[in-house]
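Just so we're on the same page: letters track the sequence lines, and every chain starts at 1.
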Number of protein chains: 2
Amino acid sequence: MKKRIKSALGKGKECKVVTIGGGTGTFVVLSGLKNYPVKISAIVSMADDGGSTGILREEFGMLPPGDIRRALVALSQQTPLLAKLFSYRFFRGSFKGHSFGNLLLTVLTKLKGGFEKAVEEAGKILHIKGEVIPVTLDNAKLYAQLEDGEIIKGETNIDIPKHNGKLRIEKVWLKPLCRANPKAISAIKTADLIILGPGDLYTSTIPNLLVKGMPEAIRKSRAKRIFVCNLMTKFGETTGFMAEDFVSALESYLGKNVLNYVLLNNRKPSSLRLKKYAKEKAELVRYKKEDFQGKNYKVIEGDFLREKGFIRHSSQKLAKILTKLCKK
Amino acid sequence: MKKRIKSALGKGKECKVVTIGGGTGTFVVLSGLKNYPVKISAIVSMADDGGSTGILREEFGMLPPGDIRRALVALSQQTPLLAKLFSYRFFRGSFKGHSFGNLLLTVLTKLKGGFEKAVEEAGKILHIKGEVIPVTLDNAKLYAQLEDGEIIKGETNIDIPKHNGKLRIEKVWLKPLCRANPKAISAIKTADLIILGPGDLYTSTIPNLLVKGMPEAIRKSRAKRIFVCNLMTKFGETTGFMAEDFVSALESYLGKNVLNYVLLNNRKPSSLRLKKYAKEKAELVRYKKEDFQGKNYKVIEGDFLREKGFIRHSSQKLAKILTKLCKK
């Protein structure tokens with residue numbers, strides 16, 4: 001496989017893949033990609049403010065470590081123990097709810113005198129393939145305005161809606177305004193393939209595009225740009241969204257005619273698997289082929305579903321199709 | 001140096017050194033020894049119950065990680081960053097006072113299903129020279145009886161005396177009774193050199209001898225046995241002790257005629273350095289040569305003092321003299 005991809009790109013040239021996201025979606029993409037001979041730069045959103053991450057932001061003035069931690073673990077080539085250690089969450093005592101990796105990033109930030117250096121150092125400890133790049137090094141909060149005008153402050157409050165979950169989100173923004181991490185811009189500039197999503201649309205994927213300089217850099221890049229559409233809607237964020245709604249919302253921040261591909265899963269999970277999501281009011285993302293007629297991007301349909309458990313993409317299936325794009 | 005020591009022991013035979021202690025004293029001994037071509041087994045006391053260690057014992061039912069952590073850091077051959085990380089102490093937030101290394105040992109204990117395996121794993125992560133061996137894997141508390149009959153429970157309460165610091169400690173014991181870690185016994189059996197101390201006499205050094213099987217194993221061993229005598233007295237533990245008092249107290253747990261050497265520092269630190277200890281009511285340990293006449297052990301006198309700062313042994317000076325004993 002290594003050989004095929006390399007030769008398609010020309011001798012010795014490695015495909016440069018940039019992922020843009022945060023949370024579990026990015027974890028799934030990276031876990032698959034790391035087994036391929038590609039150069040990975042994982043750009044991770046910095047809007048998280050819940051749970052362990054939220055407490056560390058408050059108590060230590062930290063940048064949010066949660067999404068960074070997940071990306072680091074996904075790319076780790078160390079023994080499984082070190083990745084497990086990093087993901088370990090205390091379930092009692094004074095540290096209840098904290099993840100060990102978040103604490104490690106907090107301490108490394110103190111010792112190395114900065115969050116970016118801490119992420120680099122953690123990457124070395126975990127012996128990661130590629131690099132994990134915080135989309136910004138500025139500290140900001142995510143805000144959302146609902147269609148009725150109400151303004152919601154904080155990623156967690158958008159994510160776990162206390163608001164009427166049926167109201168659509170009108171727009172999201174970061175405050176104060178953040179500048180893009182120069183490393184993110186530079187990775188995008190030289191990328192061959194840019195993968196957006198999957199992930200919570202307004203709280204994981206789009207926050208990356210709210211950072212000054214990011215949408216422009218993606219637009220200017222000569223890379224192929226693909227959006228991996230979510231499998232499930234999320235109550236309070238994307239209730240009732242069809243696949244095309246996801247793409248439209250993304251495009252309203254990214255710009256029209258920027259995406260080259262949209263990846264859609266066409267395999268329906270069993271009703272037993274779906275049933276577990278009813279409680280969270282999450283539904284399968286559906287699409288009609290005609291919604292995508294006349295679009296400037298190509299739709300890639302297929303079975304990208306994980307075989308069992310949570311309704312998530314299969315890391316292997318995603319990595320296989322995505323790395324094929326390197327060759328086109 | 002490597003060559004000299006090896007050849008003195010016979011071709012290819014590495015000197016097997018066992019240290020017995022806990023706390024800062026053992027840290028100093030190990031930090032120096034690790035630069036010599038010797039095989040190190042650090043047997044560490046498990047009586048600590050204060051601070052971060054105490055909380056973890058209580059909240060997680062952990063064996064005490066504090067002294068183990070110090071020994072691991074002392075023997076680490078990793079980048080200084082990882083050792084720093086391990087020693088890092090949170091100074092605010094929910095983790096205030098906890099050391100990161102203690103948390104790591106706590107999580108590893110959960111993940112590996114046992115304290116001993118956690119210590120091994122932490123040793124791998126820190127890439128230590130040699131091995132760190134908890135003296136026992138049984139969970140017990142340290143008790144002390146003062147000369148007026150009062151019984152004090154817990155290492156911290158003995159260490160930071162709420163009792164009248166002028167009263168001598170009559171005896172110390174562990175409850176419940178602990179059996180020695182078989183690895184400790186086995187290291188002692190094959191040792192060429194056993195180093196006891198330096199360290200808080202009743203709360204670091206002697207607790208190792210309260211574990212069932214330890215004094216017998218040391219007595220039976222064919223190794224040379226040396227006690228590195230403390231530099232300073234400790235209020236509430238060894239107030240007014242002369243060097244010979246330290247040795248006598250140790251011998252009352254170890255047995256007479258077991259020690260081959262006692263190492264005494266004969267260099268006086270500056271009065272400025274000593275002054276800082278007045279607040280803690282700690283004094284320089286003095287000795288008279290005649291106290292040691294007719295003893296079955298040999299006294300090694302010399303300048304073993306660190307050049308500046310806290311009054312501690314110099315790691316380098318200690319390691320130099322101690323490894324020489326390998327050759328005798």
Side-chain angles (χ1 to χ4, degrees), chain A residues 51-65 69 72-73 76-127, chain B residues 51-65 69 72-73 76-127:
Chain A
S52 166
T53 289
I55 294 169
L56 294 172
R57 287 189 84 162
E58 201 155 298
E59 290 187 346
F60 293 90
M62 272 283 283
L63 285 165
R69 185 194 76 240
L72 286 167
V73 170
S76 173
Q77 299 174 117
Q78 260 285 7
T79 54
L81 178 75
L82 220 61
K84 261 195 213 165
L85 184 68
F86 221 74
S87 305
Y88 181 86
R89 213 171 269 277
F90 288 97
F91 60 94
R92 59 173 159 175
S94 347
F95 333 104
K96 200 174 165 177
H98 276 292
S99 101
F100 189 76
N102 287 359
L103 295 189
L104 182 78
L105 284 166
T106 304
V107 178
L108 284 174
T109 301
K110 297 280 160 197
L111 293 179
K112 300 293 292 182
F115 187 69
E116 201 180 13
K117 280 184 187 161
V119 175
E120 265 177 45
E121 207 57 52
K124 280 184 206 163
I125 293 173
L126 285 168
H127 190 38
Chain B
S52 167
T53 288
I55 293 169
L56 295 172
R57 287 190 83 162
E58 200 154 302
E59 290 189 347
F60 293 89
M62 273 284 283
L63 286 165
R69 185 194 76 242
L72 287 166
V73 169
S76 173
Q77 298 175 117
Q78 259 285 7
T79 55
L81 179 74
L82 219 62
K84 262 196 214 163
L85 183 68
F86 221 73
S87 305
Y88 182 86
R89 211 171 271 276
F90 288 96
F91 59 93
R92 58 175 157 174
S94 341
F95 326 101
K96 197 172 166 178
H98 277 291
S99 102
F100 188 77
N102 286 0
L103 296 186
L104 183 79
L105 284 167
T106 305
V107 177
L108 284 174
T109 301
K110 296 281 161 199
L111 293 178
K112 300 294 292 183
F115 187 70
E116 201 180 12
K117 282 185 186 161
V119 176
E120 265 177 44
E121 208 57 53
K124 281 185 205 162
I125 293 173
L126 285 169
H127 190 39

Chain B contact via A:Lys110 - which portion, at a heavy-atom distance below 4.5 Å: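 Answer is side chain: those atoms of A:Lys110 sit under 4.5 Å from chain B.
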CD/B:Gln77: more than 12 non-hydrogen atoms of other groups inside 6.0 Å: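 It does: B:Gln77 CD has more than 12 such atoms within range.
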Neighbours of chain A found in residues 82-90 of chain B - heavy atoms under 4.5 Å: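 So the qualifying residues are B:Leu82, B:Lys84, B:Leu85, B:Tyr88, B:Phe90.
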Nearest heavy atoms of B:Met62 and B:Arg57, plus distance in Å: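 Looks like O-CG, 3.4 Å.
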For the student: nearest non-hydrogen atoms of A:Arg69 and A:Ser99, plus distance: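 Smallest interatomic distance, heavy atoms only, reads NH1-OG, 3.0 Å.
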Leading residue by heavy atom contact count with chain A [cutoff under 4.5 Å; candidates B:Ile125, B:Leu81, B:Thr106, B:Ile55]: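 Sorted descending by pairs with chain A, the first entry is B:Leu81.
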Option that, when pairs with chain A are counted at under 4.5 Å, heavy atom only, ranks first among B:Thr79, B:Leu104, B:Leu56: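 Highest number of pairs under 4.5 Å: B:Leu104.
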Residue B:Glu121 versus chain A: region with a heavy atom under 4.5 Å: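 It is the side chain, since no backbone atom gets that close.
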Interchain contact, B:Leu111 with chain A, by part (heavy-atom threshold 4.5 Å):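 The side chain, not the backbone.
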Check: B:Thr109 side chain, B:Ala118 main-chain N or O, donor-acceptor pair, under 3.5 Å: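 No, B:Thr109 side chain to B:Ala118 backbone: no donor-acceptor pair under 3.5 Å.
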A:Thr53 side chain vs A:Pro64 backbone, donor-acceptor pair below 3.5 Å: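 No.
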